[in-house]
Every structure is written in structure tokens, then in C-alpha cells.
Amino acid sequence: MQKQIQQQIERIMAKGATYVDARWYPLDETSSLTMWNGNLKSAHTNRESGIGVRVLYQGAWGFCASSETSDLAVVFEKALENARAAAERVTFPVRLAEKDSIQASFESPCRVDPFGVPLTERVAFLSRLDELMAQAGVEQRMASMDLMRKQIIFLDSEGSQIEKRITEVFGGLRVSGRDAQGGMQVRTFRLNRRGETRGWESFDPDFFAQQAERIVRELNELRTAENCPKEDRSVILLPGIMFLQTHETIGHALELDRILGYELAFAGGSFVTLDDFGKLRYGSEKLTARADGTLINSPGSFGYDDDGVPTQNTVLIDRGILVGAITGRQMVEEANARAHRTIFNGSGGANRATAFYRVPIERMTNINIDPGQDGTLEDIVQATERGIILDGDRSWSIGSNREQFHFATEIGWMVEDGRVTGVVKNATYKGATVPFWNSLSAVGDASTWSVQFVDNCGKGQPNQIMQLGHGVPVCRFDNVRIGE
Amino acid sequence: MKDNILHLLQTLRAYAVEKGYLVSVIYHEEDSSLMRFANSAVSLNTNEHIIRLGVEAYDGRRRAEYSMITGLDDLDEMKRGIDLAVEMAHHAQPLGYDMTIPVFKQDFADESAFDPALAAMSSEERLAFFNQAVAGLEEEELLLSGIFSSGVNIWAQINTLSEHTQYFQTTDAQISVVLAHRQLKWEVTAEQSAQQKADLNPEALRRELAFLVRCYKEQPAMQLPLGTYDIVLGQAAVADLLSTMNWIGFSGGAYKRGFSFLSEEQVGQKVFSEQFTLVDDPNRRETFPFRFDFMGMERQPFPLVQKGVFQGFMWMQDDADEFGMKPTGHTVPARSLVMAGGDVPVATVEELARMPRERDVLYIPFLHYMNIVNPSQGVVTASSRFGALLLKRDGSIAVPYNVRLTQSLLDLFGERVAWVSSVTAPYNTSSSYGERNPTAVIVPMFMQVNGLEISHSNSSY
Ligand SMILES: [Zn+2]
């Protein structure tokens, strides 16, 4: 098959294309289980295979995908035809940053293949947790497990050939119950990075049982809690909400295609301009953020992106100054040309597609915040006069240029004079992105840092769902409006 | 095409019957085209022809599903898929309730929302449409973005309990045209939903864009002071709010699970404005409707709100089975929401701007990134985007920077509703997550709601 693909690439190049690549997915499988109040509501396996072809012709992209791989010529021809049509309206001819020709393979770290575990065993795992969560105060309980595996073979007209085998595991627990006013309160646990591999070994029954006990306990605290007040306070974000803050107001804001206006039809743009690189104060001096695709064991580490570029560890914000972005081969060339200076030295290796039938676009790898010098969570609480600790993402809404945001969380703990005084429900906070990051006043040490997995980041048209990670510490921000 | 698909389903059914299986088979085929524009160029031109087969297998109270992307002639793989679904069901855990398995009592085929002319549109025609929609409006700093998404969508179903089949074939187009200022970062949009090629009207898009561009170029821009405003919501904003309401308001399952802001006690009560009437009407072709649901139940217009009075919840089969309720024909991939027009005959934003007014009015055409802050209270939050205007009392117009609204749906559609436009049109709410599934809501062009608070106001575009 690789040989046939190679021949097609050469054939299309001979017809005048300046670049061609193909991603062949021999297997792309997901297997999901959802148990809701003891009912196995969904046991669903999905399998796909096919090929996606990108052709660059006279500075314009054409793409075509098919699950039918018996006649490859048709797919390649259609991609060329689409590029020819697109070439009728070109304003900035696409150029691709230099890269090496690579022959390599990548396999995500996995000790026990989760797809090898019998369905009955997987169901029994969830069933036990479901029973554990069936306690007083819990009206709805949900336990879920999502497994993915992909085999991707990438070939391009520059001589690269890369094979990737990726296994992902996602799991979660959720309980909900009514408070005294009849409002529904929710507490959630999501499986994140544990150790250096992710396979069936991630589903540690004892660990999940502890988390089930904890979220049930916290739900019952929420059910009798006061409402979050509407006022200004310091917010102390635990990783269960800090990851989302980072995702929405650093990650998406620094996707270079958004910055260059390629997502304006739908997802939106970014308040960041090309002039801002090297200058903009994007956070206090305590903030260093990076796009680290080399982090061990995360969905945001995938070896090579869908341009065939190795993943990298790129600093985005260096002690509060904007220095980098999330980039692929096309966008760095365009950005440097538009800025009339070299902002980006080659692709950052972050161009990815969700499936064989989607085109690669700039996606987050692991968008991380470096641990800081402000000690443990306890240290940060002790050093806080009037604050609130927040955890869990209940809703998120962000301005179209990522300039402002509103988040609802699952739980808040009020802090007065360095001590936790009690739980509040319906806790929300909002802010404007740059002033918010500039108000960062404490960054927790490595003991507070953990890698959160994201399985559902949406972007692009047609929409693409992507898996990635966020390594984040506990952080405190001052003078934040809560309770609105 | 149809005959081939139905023949395939009969073949698969015969295989399953012979093996003694109890299964439903759902066939989904999309032939999608997307031309995407950015920075005044075609940034992507793509086609996907994808066939998906879904098999749901039943074994007593056990149930499992296997789906695949496949080729129409790959019969062996499809049969393997059926075997796998059956095996999975065998190892699943029994439900705590009896489930209803679909039985089709008759053959049903609906191709009335299929238009061969729309299906056959070429890349060149899509590009020509866009060129017409923005003729004379692009400038060096004013750049075109947008999509022309169109396609053919087919659903077909059979199961082992009867030989009858259901077949739905539609064409749809979703068009949005954006003009955005590269330096200043303001952006305006005009959108269109089409079921047939004759629905396409690039000139209407051009007129709307031309008016908005003129306002944004010529009128003063300002940061709005926080406070309460009389707000006119445009078609896109109303459609988005109704889609959210569909999810956390009218679903019986969501209500029983505690995630609805409406309750059984409110059925028959006046909960909303007298000017708010909403129905799920599968007879409206523009909504890409399902006239039978996936359980084989014939769908009739289903009133949800009549002059502000809540009429009742929609029950999907599985929720109805679990909670001991009667299904209402809502086991469908998308509903056909139709909001009734009111009595103010205003059809375009230009007409809206010319309307006499006693107070300043904030026009918000589009709500970006709506999310649910508190489902029990129906509280949602979102920001304005794409061409908001401050229509001043003295007849002049200013351009406001974007603002955030955090409000309950009970207020947005409650007593604060001042007026509703008598002119309605379909608004395309299709999401392209996973598979193509055309969806549109029919909504009035405008709805004014008085005394709404804005909770955040940007200091620039
Ligand atoms: Zn995201």
C-alpha cells in the first residue's frame, strides 16, 4: 500500500503540484462505555479506515478523503482538482517551512493494551464504581470509559514516511444531586496522567474508588452549601479548572492560524497580533507557559505531527512576555512574511487532524504552565487573605478573540485570613484575559503540578475533536469577580 | 442509489435473521463539500464521501452498538460488524428496565427535501456565489472569511423484526460570509440556509453585509457602559438560544435527571411571554425534517410553548422506557423547531435601524460561545459578535465593542419580550461534529427583550 501511495504522490507531483501528502489510517478504533445509574446506557465500538490526501497546487490547498482505498488514483485526482479550483482565489500563496525528510515511527507508551481486556471486565470495572457512588444524596451517577487506538501512516512528496501507533484511555465519574433550593449540583472526576504509560493499567480500581468516595462527599457538602457571593476576591485555581483556564485563554489564543485570521468564519480570532511577539506582557513574571509535545505520556505528545514535523518543546510565554505560538509549517511562513521579520524558526510541530477525513490544522500539544516558587497548596492558602479555591469545569464561554471569559466551576472553598472556612456552590468567575494573567500572584510548586488530559477540544470547519494535555500547577489570581 | 441502499439493508437483515439475531441497522451516507475562505482566499476546498453503518444488537435487556466507516460493496465487513455488535450485547450488562425495539410497520421514504441541483453544485459555482455575495465589499484591510458547506445526506434503517425500511434523503447548504478588518479586528457576517439551489440568494447576503460594513466604517465605535439595555436579538442569536432551550428545557430525560429549568408542574402554566410560541413541526421542509422517528413512529407537529404556556416535554424512546413515560416521536437526530412570528413587520437590519424608537436599543445579531451556567435556572452566558449596533434614540447609530450577557432563558423569553418580528426564516444550526446532520430552526428575524443586563463590556474590538 505504501508503495502505491508513493506512486500516486509522484504522479500528482508530475501534474504540477508543489507538495502532496497522504495519511493512511489502516485502523482507527474507539470503544466507549457509559453507565448511568447502574444502566449500561451505551456500549459502543466504532472502527474506521481510509486515506486523506492533501495537494498544494499554485499556492492553494485541495483535500480529499475516502474510506475506499481500492482506487487510490480517484482520491488523489480529486484532491488535485479541489486545489485547482481553490487556486482561482489565492491572496497569499501557501509556502511550507523547511523540514527534514524523516523515516521514523512513534508509539504511545502503553503497558497493557486496553482493547485486549474483555468487555465483561471493563463493564465490571464501571459497575463496581457505580455501586460505590450509589449513596445518600446522589441522584444521578455516571461512570464512563473511552478507549482509542489509531495507526497512521504518513507519506509526503519530500520523502518522509512516518508510522504512528497511538492508544488513548479516558475515564470519568460524575455524581449529581439536588440542593435545598432544588438546584442540581455536580461533582466530577476525570482520569489524568498517572505514571509513564497509559493503557489498561491506568484504570486502577483502588484509585478510582477513592475518587468516587471523594466526589460523593464533596457533592453532599455542596448540597448544603451557601451560594457563592458576588464580589471581588483572589481565586486559587486547582488543576481541575486551571487546565481549562490555560486551554481557553492561552492555548486557543496562541494558535497561529487563529492569530492570522484563518478561523474567523467560526471559532474566532485572537487578540494577539504579530507585533505582540517579544513585547506583549501576557501574565505576571511568575508565568512561564509552553507548548510541550515532548512530555512523556500525554495525548499531546504524538512524536510527529501531520506535516511530518517532530514534536517540540516551545516556550510560549517567558516570565510574562509573549514569545511563541502553536504552529505548523504553513502558518509560520505566512506569519514571518506578514511581520517582515523572523518570529518563528520553522514549524513547532503542532499541525494535526482528528481523522483521515479531516485536514490538519494547528492544535494544542501539551500547553503547560511551569511550576513556581510559591510552595504547596497549603502554603498558597495560608498566604491568602480573602480568596476562594475553585475546582471542576461546569461551563466555559470565551470571547471570539479570546479576550475575555466566563467560567462556572463545580465547587468553591472560601478562604479567609489564610484558612479555608467552608464550601460554596454555583461558584463562577470571569475576567479579561490579559489583566487576569497579569494578576497572577502565586504559582504552586511541583507538588501542585499535574497533567490533565483533554479528549474533546473542538476546532475547525468541518469540526475536529482533538486529544491533548495540560501540565498545570495550582495558581492564584487577585481581584477577580466571582459569583456572576 | 436508494434501491441499492435498501437492497443492501435487506441483505444484511436476511443475514441477521438467519443467524437468529435481534438487531437494528442504520445506514448513513454523506457526500459533503466544504469551501472555506480566510484572508480573502479559498483556504480549504474539500470533499468527503463517507458511508457509515451502525448496528444495534439486543439480547434480552442487554444492548450494544457497533459502527464503522465502510464501502457500499464491503458486505463481508458489514456482516462482521453485525456479528461483533451481537457479541458485544451478549457481554453487556442488563438494563434495569425493558427497552423497546423499533418495529417499522410500513416502508417509508422521504426525498422531498432532496434537490438534485443543489447536490450537483460544483466548486466553481460555490466560488461564484461567494464572489457575488461580497462583490465590491472587499478591501485591502477588509478580508473575506466564511464557508459554503453543502451536501447530500442519507439515513436508511431496517431491523430484524420487520422487512420494512425507512429512508430519508436531504440536501442542505450552510453559508456564512464574514468580512473582518485585519487591523481593527471588527467583523460582520451574513448567513443563509438552503435546502434547494433556488433558496440561494447571494444578493441578499451582499445587501446585509454592505449595510453593516457601512455602519462599521462610518459610525463611531464605543465601549458600552455596564448596565441594563433594551436588546434586539437577531435570527442567529434567537436560534442558538432555542437550541439550548431544546436541550435543557424540553427534554423529558433531562428533566427527570435534574438538568432542566422546566418541570412537570409547569405543564399548562404560563412560563414565558405571551409572544412566544414554539412547535416541533416535521412538516417544514426547510428544517430537513424526519416525518417518522427512528422507532417508526409518525411525527406530528408537537407544540412546546403556546402563547407562553408550556405544553409538555418531548420523550425519546430510551428515556420513555427508563422513566415509564410514553414516547412522543422524538427519537430523531434533529428536531424541527419553529418559533412563530410576532406582529412587527421588520425583515432586515436596515429596516430595524430605520424603526422609530423611544430609547436606545442594542442590536445583537449573534451570540458567540454560548454555554449553560446553571441548567436548573436556565442561566446561559455568551458574548455578542459579528455586527452588533447601538441604535440610538435620536436615530443615529454607534458601533459597540462586544459585550457579555449572562441571563436566564426564562427572562430572555419571558415578560421582558417587547416585540417579535412577523418575518421568519430558517437558520442553519447544523454542527459538523462527526457526521453530517443538517439541522435548521425557523425563527423570527428579530426579537426585542427589554431591561437585560450586560455583565462585561470590551474596551476595544
Ligand atoms: Zn479547545
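Lettering follows sequence order; numbering is per chain, from 1.
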Worksheet item: Within 45° of the axis and under 6.0 Å from the centre of the six-membered ring of B:Phe259, does NZ or CZ of A:Arg174 qualify?
Response: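 Yes, A:Arg174 lies over the aromatic ring of B:Phe259.
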Do the non-hydrogen side-chain atoms of [X] and [Y] ever get within less than 4.5 Å of each other?
X        : Y        : value
A:Glu248 : B:Tyr369 : yes
B:Glu187 : A:Ser400 : yes
B:Leu44  : A:Phe63  : yes
A:Arg358 : B:Glu48  : yes

Please flag which part of [X] lies under 4.5 Å from any non-hydrogen atom of chain B: side chain, backbone, both or neither.
X        : result
A:Phe405 : backbone
A:Val359 : side chain
A:Arg84  : neither
A:Gln404 : both
A:Arg47  : both

Quick check on [X] against chain A: is it the side chain, the backbone, both or neither that has a heavy atom closer than 4.5 Å?
X        : result
B:Leu84  : side chain
B:Phe386 : side chain
B:Arg257 : both
B:Leu144 : side chain
B:Arg404 : side chain
B:Ser33  : neither
B:Val42  : both
B:Thr381 : both
B:Asn458 : side chain
B:Asp74  : neither

Fill in: Step-by-step side-chain hydrogen bond (donor to acceptor under 3.5 Å, both in side chains) determination, A:Ser127 to B:Gln93
CA-CA 9 Å; A:Ser127 192; B:Gln93 177 178 291; 3.1 Å; yes
Heavy-atom pair count under 4.5 Å with chain A, highest-scoring of [options]:
options                             : answer
B:Gly258, B:Ala64, B:Ser32          : B:Gly258
B:Asn371, B:Val380, B:Val379        : B:Asn371
B:Ser263, B:Ala180, B:Gly96         : B:Gly96
B:Asn374, B:Val178, B:Val373        : B:Val373
B:Phe37, B:Tyr461, B:Tyr97          : B:Tyr97
B:Ile50, B:Thr189, B:Thr46, B:Leu34 : B:Thr46

Fill in: A:Gln461/B:Ser149 under side-chain hydrogen bond (donor to acceptor under 3.5 Å, both in side chains): CA gap, chis, key distance, verdict
CA-CA 9 Å; A:Gln461 284 176 303; B:Ser149 168; over 6 Å; no
So, are [X] and [Y] salt-bridged, with charged N and O less than 4.0 Å apart?
X        : Y        : value
A:Lys41  : B:Glu322 : yes
A:Glu263 : B:Arg36  : yes
B:Glu138 : A:Arg89  : yes

Discussion item. B:Ser67 vs A:His44, test: side-chain hydrogen bond (donor to acceptor under 3.5 Å, both in side chains). Steps then yes/no.
Written reply: CA-CA 8 Å; B:Ser67 58; A:His44 185 182; 2.7 Å; yes
Worksheet item: Hey, does the side chain of B:Asn45 reach the backbone of A:Gly62 with a donor-acceptor pair shorter than 3.5 angstrom?
Response: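 Checked: no pair found.
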Worksheet item: Can you check whether B:Ser455's main-chain N or O pairs, donor with acceptor, with A:Lys430's side chain at less than 3.5 Å?
Response: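 Judged by distance alone, yes, a pair lies under 3.5 Å.
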Discussion item. To check you understand the geometry: which heavy-atom pair defines the closest contact between A:Gly261 and B:Ser145, and what is its length?
Written reply: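 Reported closest heavy-atom pair: O-OG, 4.0 Å.
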Worksheet entry | Shortest non-hydrogen separation from A:Leu260 to B:Asn39 and the atoms involved |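 For A:Leu260 versus B:Asn39, the nearest heavy atoms are O-ND2, 2.9 Å.
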Worksheet item: Most heavy-atom pairs under 4.5 angstrom with chain B, which of A:His406, A:Arg54, A:Glu48, A:Arg481?
Response: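 Maximum pair count with chain B is reached by A:His406.
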Worksheet entry | Those residues of residues 121-133 of chain B, ordered by number, that approach chain A below 4.5 Å (heavy atom to heavy atom) |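 From residues 121-133 of chain B, the residues near chain A are B:Ser123, B:Glu124, B:Leu127, B:Asn131.
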